[in-house]
Amino acid sequence: LAQKAAFLFPGSINDQSWNAQGYLGAEKLKSLGWQISYSENVGAADMVDALRDYARQGNNVVIGHTGRFVSAAERVGPDFPKTLFLVGSGSKGAAPNVTSIDYDNTQFGYLMGVLAARMSKTGKIGSVNSLEGIPNVTAQVGAFRLGAKSVRPDIEVKVIYIKSMEDAAEAKEATLSLIAGGADFISGKLNAAQSGIIQAAKEKNVYANGRSYGHTEIAPDNVLTNIVEKWADMYTAAAEASKTTDMGGKYILYGFNTPGSTGAELSYGEGQAYNKVVPKAVVDELDGLKKKFASGELKISVTKEDARGGI
Amino acid sequence: MLDMRGIEKSYGAVKANRGIDLAVADGAIVGLLGENGSGKSTLMKVLFGIVAADAGTITFKGRALRHHGPRAAIAAGLGMIHQHFTLVDAMSVTENIMLAWDRAGWWLRPKDIAREIRSTSAAFGLDIDPDARVADLPHGQRQRVEIMKAILAGAELLILDEPTSNLSPPEVAGLLDVMRRLKAKGHSIIFISHKLDEVLEICDEVVVLRDGAVTGRGPTRGATKASLAHMMVGRDVTATVARADITPGATVLRVSALSRHDAAGLARLDDVSFSLRAGEILAVAGVDGNGQTDLAEVLAGLLPATGGGIDLGGIDITHAAVKERLAAGLAYIPVDRATTSLVPAMTVADNLALREFDQPPFSQGGVLRKAGFRARALERMGRFDIRAAGPQSPARTLSGGNQQKIVLAREIGRGPKVLVAFQPTWGLDPGATRFVIEQILALRAAGGAVLYLSAALDEVLMLGDRIAVMHGGRLSEPKPRAAVDVTEIGLLMAGIDPGARAA
Amino acid sequence: MDLATLTELLSATLRIAAPLMFAALGGLLSERAGTFAVGIEGMMLAGAFGGALAVFATGSTAAGLAVSLLAGMALALVVALATTRFRADQMVTGLAVNILSLGLTSFLLRGLFGGRTPVIRLPTLPAWPVPLLSDIPLLGPVLFRQPLLVYAAFLLTIPVALFLAKTRTGLMLRAVGENPEAAFAVGTDPQRVRVAAILVGGAFAGLGGAVLSLQEVGTFTDGMTNGRGFIALAAIIVGRWNPFGAMAGCLLFGAVAALESRIQGWGLPVSSYVVQMVPYLVALALLAGIGRSARMPGAIGVPFVRH
Amino acid sequence: MRTLAMTAGAIALALLVTAGLILLAGKSPVTAYGALLRGAFGSLDRVAFALNKSTPYILAGVGVALCFRAKVINIGGEGQIAVGGIAASAVILLAPAGSPPVLMLALAMLAGAAGGAVWAILAAWVFIKRNVHEVLCTLLLNFVGVLLVSEVLRAPLGEDGAGFPQSPLFPRAGWLPKLIPGTDLHIGILFAVAAAVLGHVLLWRTTFGFRLRVMGASRPAAAYVGVSTARATFAVMALAGALAGLAGGIEVSGVHNRLIEGFSHGFGFNAVAVALIAGLNPLAVLPAGLFLGFLEAGALAMQREVGVPSSLVYVIEGLMMVFVLCAVGLNARNRRV
Ligand SMILES: Nc1ncnc2c1ncn2[C@@H]1O[C@H](COP(=O)(O)OP(=O)(O)OP(=O)(O)O)[C@@H](O)[C@H]1O
Ligand SMILES: Nc1ncnc2c1ncn2[C@@H]1O[C@H](COP(=O)(O)OP(=O)(O)OP(=O)(O)O)[C@@H](O)[C@H]1O
Ligand SMILES: [Mg+2]
Ligand SMILES: [Mg+2]
């Protein structure tokens, strides 16, 4: 009997970003013989219903691809003890059968901060984000600032939060405003809107980091690397493991220090970690940091203050 | 020139036109007569392509007009002034005229057009300010704009649907003059009016409608008002009404030095003073647009006074809310049935309750009592002879005369101390006009005081115990009816003070 | 604030206002003729989609603009037919086509690419400095170093204003919006005028969408207009249904949006959410301060019925 | 009757057009529509979900209907719902532990209604006193209200460490009771039915409703009658705001059991649609709201069960609205005032 899994996406898998990455997880599980169904544009009001319905349809694993699903999964979980509810980028598990998965945003944010600080000529860098205050955003943005300051204490890090994760035009304007203020490396954690950052970086010829290979494609000269989230790996690992072990009630944070998957990777293109303009010394420095993360020697903890808007 | 045959038109169950034939010769003026709701306007709308006839043919200048719209009608040489104005209130007079006027050209030249309007309107004695916004113009002025529109559009056959209702006697004379001139140039005219004198004076022949069908036609030569009226309603309605001799009682309304300045600081009412006694009618003549609207609305509480005082039965109501004025015994019949005194979309019963819905018998403690609405409606419909399918019929389905009866029934029905009536016979047929006048006299007989504002001199002379004239926001000294000199009133209406001239 | 910052801020204002301008001018035509333009959000989205698709397929910007214009019109046609022929309520019809547009663009995008998540990458329209003018100090960089569609958006205001104020057709359009019976009585067919106004409005709104997909971000993503149509509606009201007024309204919203990200840069002790409220509150306060408002076109929302 | 028949025809037509698109997407329309029906009516749970979905549409829709009757174009439902949700949540979260559930819920619902009313009155104030167009006031305050949810979740009401902007789960006492135990159906639908009935009575049976109707039919007539349009506007806006705010309170306490960002996604606009489809009759808002609620419930289930793209859900909803509006529009001429 084939295992069944259902995916719920908060937006459209057309978004060339967050939802598209999650959808790769569905495809990967399918290739492993799972029976897959999925829904898109699941609004907050419909999450409970959607989780319940999929559980009722006999799915072994129901995956909600945004932290917002934790609330709904907590509600539905107890009614379907045989189903595993996985929440991507959630921040806590709930016994017995709700598990959150994320990659360690602090590690990748920190690496971006170091890269940005090393590559910036102006001594000013920036980051465009949305959803101020939620943990994974705080983690990446705060670590970005900490990473940059760790190698260049005098660097100016300016952070902007925009209204929508999906509004590329808004992100582009925000990025342009950072560039106008002198920033020459722009980071960020946005969904469909990420391409707005890249577009602005391209037009003004500054550096940026993307979130998928697609972003490299937009501006090969300006994108230095992408934080490519390996949702396919993470979901597959958790789902496959659930066949044999009880995966419920956990909060799994993948990173350089975890076995199985690093959760995300820095990648410029297939088989290439960084844009070739990144000097060897910087690459070495970043690789060193990765090793420190892997060994547990380096741990980043971030406060809301680190991720505050503005300078 | 025009030959309409077998025109049929129904609105749902209402047969507005049943097989009407109408012919108009070159250079002829044909009068179209009939009671309210007899189908005159409908027939003209069919001709002008505004409504599509159910059956019948139209031939104009030898060519068939079929499935045409107003554009085709205008192109063919028709022009129409509607009973209900078709002006864009938010636009200037010039814009309204350019809209109607192909010759205004693709690229608008408002200055040039305004100049033409000025000269043409002066030539016809219409006196229009081309730059005024239509919304700011009083009723009478708007009608002049309509006339102007049709004249400038150069129609060969002109349809005038009750064009004279709001014109003062000299203006009516002026219009009739215009019509004669048009006729002399070979134009034809269809003239709709409830004023039989005018019809007799200007028309070559008349066609009379009743209930959607032709009940009579013939030349005006030899016809009399009585014979025309008889054709219209089957009885004589033109005999003068009887007015009882009443000794007026105590003063109930005292208006002193009332004035109103509009937002632009212009004096609309200028130091108006008069008093009114129980059982007395003060009739005020005046060309529309000389402050009558302001006087009526300031009294009714719809516009604020900027100076002076109003005392009703001992209560100072100068700044009182509408409700308090009602409670003090004030009734008001505004000129505008379509949007003010009636809510056409609401039922007859609702409209009869309009000003008292928050009191018994209509409601108690904020809750409407359907039975109260119904009982009152049935009673008033009987007493004022309101012809409607029932209390629940929407008011818009009633004829103009019956709509006005609703207003009368509501305002007079509760026995007010003071009634302000502003052109209450506007657009009504002779029968309905007579009904209104009888009701107002009945109120007077019952001890009510009436301020009667009208542009129609005959009504003013018929009704007023005392008579005054309004011009430029000022009210002349009211004179007892016995002391009134008609030429003097005419001069006052035209803004010439006879006393001053004598001096 | 130094001069460079100011220049840059103004320049951003113009860029942000440009898509709003197209939509607002289009909506204005529709509303002046008596039809609420609630559907411009959807028409913008359709335009953004059509434009991106056409450039992707043909590589020609001209084709992209043409298709975006047609896509906006196609959706406008739905509004026009529903509100004139069937007298459907204008406001809800607008809301409905917004939903329809969101669904159809997403469906077609995927449908045309065989069910896979497609990736559309287009070159964005570059800034096009006007020779000479762009060298004027201060003003030059603000006004004359913009991408093409920014110029187009602002220049479009002039013909629209002239059309409404100075031509007989414009007069008729306004008359239909104020009192269709009056317009009808002098030979205008109000239905046709309204249909035409809605269609042209849809075309403009479609171009507004193209500004986003072709000039700003170089791709199409679902729902990428993200409420800009409603902001354009607000700008129309702010501008009291006048083309130049609407332009001022769009500039107002553009300026506060541009300020928004810059204010965040100051590191004020408030959250980004509070800063994001600022544009709306500023607009409201400004209007309340002015304290005057034009009335809507008289017959807006009222279907014209010929007996 | 005619309207009903034509509406049914319109719905059929919309389904037919969408069937073509479903075919294009490589799925069977028969299977899909079967799933839609099952998703809407297939079980008690489905019906419960659909009724819950309809509840805010009906509540806010009744308020919109009353406003539009008076020609006060209130499109601020979205913001009013948001603020109502905040107010209700604040009461529940800040109430001392161990408060009696009935009292706490009653206070929370009142607070929700009050919050919505305040938000609406704010718009009415700018509209009446400062003469700013009401569409603009209500629209702009929508944006602010929605952002206000994010802001209170970031700071005072937010749950620490949550993966999303949301408040802590309400204490049990703050959960709206279930109407049918074992399902998700909370008692909100009772409020909705009551609102529709009371709205009907208010509009047709009270002096207040009479004022609204006169005012909506003609402003000059209202002045002539002595209705103060300012007072009536404040009153009807406050009422509509209260209903929308109550809907917000019901939504957070009944559906989510917490305040969460995006808990009202387009409800305010759906309420406008529902009110207008109902011909601005509060009683007819009930079936109209139910229609939309069941349609959405069915369409979402159809997506899950058959795998038609979610975009088709929007297409169905949009097409259905357009076609139904056309059917309603053709018959709107004889609307009672
Ligand atoms: N649009 C309409 N819908 C329904 N009934 C109408 C409509 N227009 C006119 N009627 C009805 O048709 C009949 C004829 O109306 P019409 O306006 O032609 O009369 P009229 O002779 O012009 O009256 P008046 O002297 O009051 O102007 C009346 O019973 C009227 O109520
Ligand atoms: N003239 C008015 N114009 C507008 N709104 C009014 C007016 N009078 C009352 N209202 C409002 O209508 C609502 C209820 O009306 P209601 O008829 O109960 O008022 P009321 O003062 O009790 O009158 P009554 O005692 O005559 O019934 C209240 O919100 C009130 O503020
Ligand atoms: Mg008539
Ligand atoms: Mg009361």
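In what follows, every chain begins at residue 1, and chains take the letters A, B, ... in the order their sequences are listed. Side chains included, hydrogens not; waters and symmetry mates left out as well; all remaining heavy atoms used.
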Segment of Met98(B) engaging chain C (4.5 angstrom heavy-atom cut-off) = both
Under 4.5 Å from a heavy atom of chain C, the part of Lys45(B) involved | neither
Would you name the heavy atoms of [X] and [Y] that are closest together and state the gap between them?
X	Y	result
Leu108(B)	Thr167(C)	CD1-O, 3.4 Å
Val88(B)	Ala182(C)	CG2-CB, 3.9 Å
Pro70(B)	Ala185(C)	CB-O, 3.8 Å

Nearest 0.5 Å please: distance from the [atom1] atom of [X] over to the [atom2] atom of [Y].
X	Y	atom1	atom2	answer
Leu87(B)	Asn179(C)	CG	CG	8.0 Å
Ile74(B)	Thr188(C)	CD1	OG1	8.0 Å
Glu181(C)	His82(B)	CD	NE2	10.5 Å

Before giving the answer on side chain to side chain contact (heavy atoms under 4.5 Å, CB included), spell out for Leu99(B) and Arg174(C) the whole-Å C-alpha distance, their side-chain angles and the decisive distance to 0.1 Å.
-> CA-CA 10 Å; Leu99(B) 191 62; Arg174(C) 287 187 282 137; over 6 Å; no
Among Arg109(B), Arg71(B), Lys149(B), which residue forms the greatest number of heavy-atom pairs with chain C at distances under 4.5 Å?
-> Arg71(B)
Chain B heavy atoms under 4.5 Å from Ala165(C): which part of the residue, side chain, backbone, both or neither?
-> backbone
